[in-house]
Protein chains: 2
Amino acid sequence: MATVYNHVFDWEAYLKFGMRRFFRKNESIYSQGTCGEGFYYLNKGLVRIVTKTASGKERMLNIVIPHQLMGVQSLDQKTHFTTAIVVKDSVVYHFPANEFRKLMVAHPELFKLFSKSVIHKMKILLDRINLNALTSEQKLALLLHNICDEFQNYEIPLCQHDLASCTGLTRITVYKVLKQWQEAGILEVQKRKYYIKKPDFLRNLVGR
Amino acid sequence: MATVYNHVFDWEAYLKFGMRRFFRKNESIYSQGTCGEGFYYLNKGLVRIVTKTASGKERMLNIVIPHQLMGVQSLDQKTHFTTAIVVKDSVVYHFPANEFRKLMVAHPELFKLFSKSVIHKMKILLDRINLNALTSEQKLALLLHNICDEFQNYEIPLCQHDLASCTGLTRITVYKVLKQWQEAGILEVQKRKYYIKKPDFLRNLVGR
DNA sequence: CTGAAAATGTTAAATAGGCTACAGTTACAT
DNA sequence: ATGTAACTGTAGCCTATTTAACATTTTCAG
């Protein structure tokens with residue numbers, strides 16, 4: 001059940017039909033509860049998707065890398081149930097629902113692309129669900145392993161707090177596990193950035 | 001964040017284009033890992049969607065009630081990442097990917113229906129993710145509350161084991177909570193079937 | 001009708017991970 | 001440059017859940 005989140009979905013040809021918009025770090029592209037209209041394609045940058053749970057806590061759902069969609073939930077004019085916050089300055093293309101529907105009539109092959117992108121999203125959500133069945137060590141291992149796949153290197157672009165929010169653990173637990181791994185030489189820290197030294201160890205931990 | 005899973009998505013008009021198939025209790029409609037081709041619409045019956053986690057445990061993802069889609073994941077000829085097991089004898093309609101794409105060209109309004117159904121699915125997955133942030137009592141409360149919505153009555157169609165698998169708790173924890181609720185008059189048992197007597201209590205617990 | 005399998009009831013012990021609290025460091029904005 | 005905010009390091013206590021272990025009851029297939 002290896003999950004590689006860096007599939008490229010080739011939307012390039014259709015970008016000219018979208019509305020290009022720029023967002024700076026920490027701006028939100030859309031917010032939970034607001035009414036959306038259409039969806040977004042991330043062309044450049046980095047965005048994280050968070051959601052507020054019933055009990056008011058914020059959880060990070062996933063990180064969107066370029067060439068992925070976000071905000072599909074509100075294609076049918078429903079309210080967003082997540083918030084998209086910009087991590088690195090981003091270029092996104094907005095596709096209003098109506099426009100997109102027209103566009104699809106003209107380009108039926110778009111449906112395949114769209115459904116692929118959405119299914120990919122669903123897979124990510126499913127992975128997040130499966131996370132719960134694991135120990136905290138496994139949760140972190142899986143997360144880091146996936147992140148490395150996404151970014152194709154072994155530098156972890158998230159702070160302890162983010163890792164906690166991603167896994168649903170507390171920062172203290174995250175810290176404890178990371179410390180353990182550091183001592184075992186699985187990770188290394190430089191300038192408060194973690195680097196994975198033994199990716200195989202992580203892979204083993206989650207049985208891949 | 002009220003989640004009512006019993007929206008009706010009106011696929012009736014299009015069923016004649018699908019392939020009708022019958023399934024008996026405990027048969028599986030599709031299995032994790034096998035390659036799928038298209039998706040299914042549940043017309044009658046009851047189906048549960050389960051998935052194997054990386055660590056090999058089985059988790060129930062959700063229960064599909066009539067008028068919902070399943071198996072959308074493999075619309076693009078990818079392998080299923082869940083298994084659909086029939087709970088009550090079911091009538092389903094299968095829409096092969098190619099057929100459906102053709103169909104959509106002829107009936108563009110189908111896209112709206114399709115996207116609605118898929119987005120609904122995503123919402124269910126998200127709810128399942130948010131479950132983790134809750135206490136075990138809340139997890140169960142939310143689950144039972146949703147199930148009641150789905151079935152429009154207060155009889156719980158799942159055994160302790162199922163409830164455990166749905167929430168990710170152990171059966172013992174489920175048993176403890178249920179016992180507590182029984183003593184408090186929130187539930188009642190008859191012939192090993194649980195009945196919700198005070199739905200408002202559950203609603204309160206999850207802050208709706 | 002009967003034996004095995006599934007579901008439930010119950011207890012006790014072990015522990016993982018939560019929460020609190022505070023201190024030291026680094027980053028960044030003005 | 002400097003003060004504040006964000007991030008990290010660390011300890012200790014506590015309790016909700018898990019694990020393990022068994023007994024009892026019900027279901028159901030052959």
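Naming: A, B, ... by sequence-line order, numbering from 1 per chain.
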Exercise for the section: Calculate, to the nearest 0.5 Å, the distance between atoms CZ and CG belonging to B:F201 and B:L144 respectively. Expected result: 11.5 Å
Practice task
Can you tell me the distance, in whole Å, between the CD atom of B:E183 and the C1' atom of C:dT10?
Solution key: 12 Å
Practice task
Measure from CD on A:Q180 to P on D:dT8 and round the result to the nearest Å.
Solution key: 18 Å
Exercise for the section: Let me know the distance between OH of B:Y175 and P of D:dA23, rounded to the nearest Å. Expected result: 16 Å
Handout entry: First encountered from the 5' end of DNA chain C, between A:T135 and A:K191
Key = A:T135
Problem - Closest to the B:K179 side chain, choosing from C:dT11, C:dT8, D:dT8 - result: C:dT11
Practice task
Measure the distance from CD on A:Q190 to P on D:dT8 and round it to the nearest whole Å.
Solution key: 15 Å
Practice task
Would you indicate which nucleotide in D:dC7, C:dT10, C:dA21 comes nearest to any side-chain atom of A:I172?
Solution key: C:dA21
Practice task
For D:dT17, take OP1 and OP2 only and decide whether either is under 4.0 Å from a side-chain N or O of B:S136.
Solution key: yes
Practice task
Tell me what B:T173 touches on the nucleic acid: a base, only sugar-phosphate, or nothing, going by heavy atoms under 4.0 Å.
Solution key: base
Exercise for the section: Write down the distance between CG (B:L187) and P (C:dT8), rounded to a whole number of angstrom. Expected result: 13 Å
Practice task
Provide, to the nearest angstrom, the distance between the CG atom belonging to A:L169 and the P atom belonging to C:dC19.
Solution key: 11 Å
Practice task
Establish, yes or no, whether a centroid distance under 6.0 Å links the rings of B:Y41 and B:Y14.
Solution key: no
Exercise for the section: Figure out the CD/P separation between B:Q182 and C:dT8, and round it to whole Å. Expected result: 11 Å
Practice task
Flag the pair A:Y93 / A:N43 as yes when at least one side-chain heavy-atom distance between them is below 4.5 Å, and no otherwise.
Solution key: yes
Practice task
Please confirm whether any donor atom in the side chain of A:R171 sits under 3.5 Å from an acceptor in the base of C:dG18, or the reverse.
Solution key: no
Exercise for the section: Spell out yes or no: do the side chain of B:R192 and the base of C:dG9 have one donor N/O and one acceptor N/O closer than 3.5 Å? Expected result: no
Handout entry: A:T170 side-chain proximity, nearest of D:dT18, D:dC7, C:dG18
Key = C:dG18
Practice task
Assign each of B:H161 and A:E137 to its nearest nucleotide of DNA chain C by heavy atoms, then name whichever residue's nucleotide is nearer the 5' end.
Solution key: B:H161
Practice task
Tell me whether the OP1 or OP2 atom of D:dG9 has a side-chain N or O from A:Q160 closer than 4.0 Å.
Solution key: yes
Fill in the blank from the handout: Atom CG of A:L158 and atom P of D:dA6 are separated, to the nearest Å, by 17 Å
Problem - Heavy-atom pair of closest approach, residues A:H94 and A:F39 - result: CD2-O, 3.2 Å
Handout entry: Candidates C:dT10, D:dT17, D:dG9 - which lies nearest the side chain of B:K176
Key = D:dT17
Practice task
Hey, could you give me the OH/CD distance between B:Y194 and B:Q182, rounded to the nearest 0.5 Å?
Solution key: 5.0 Å
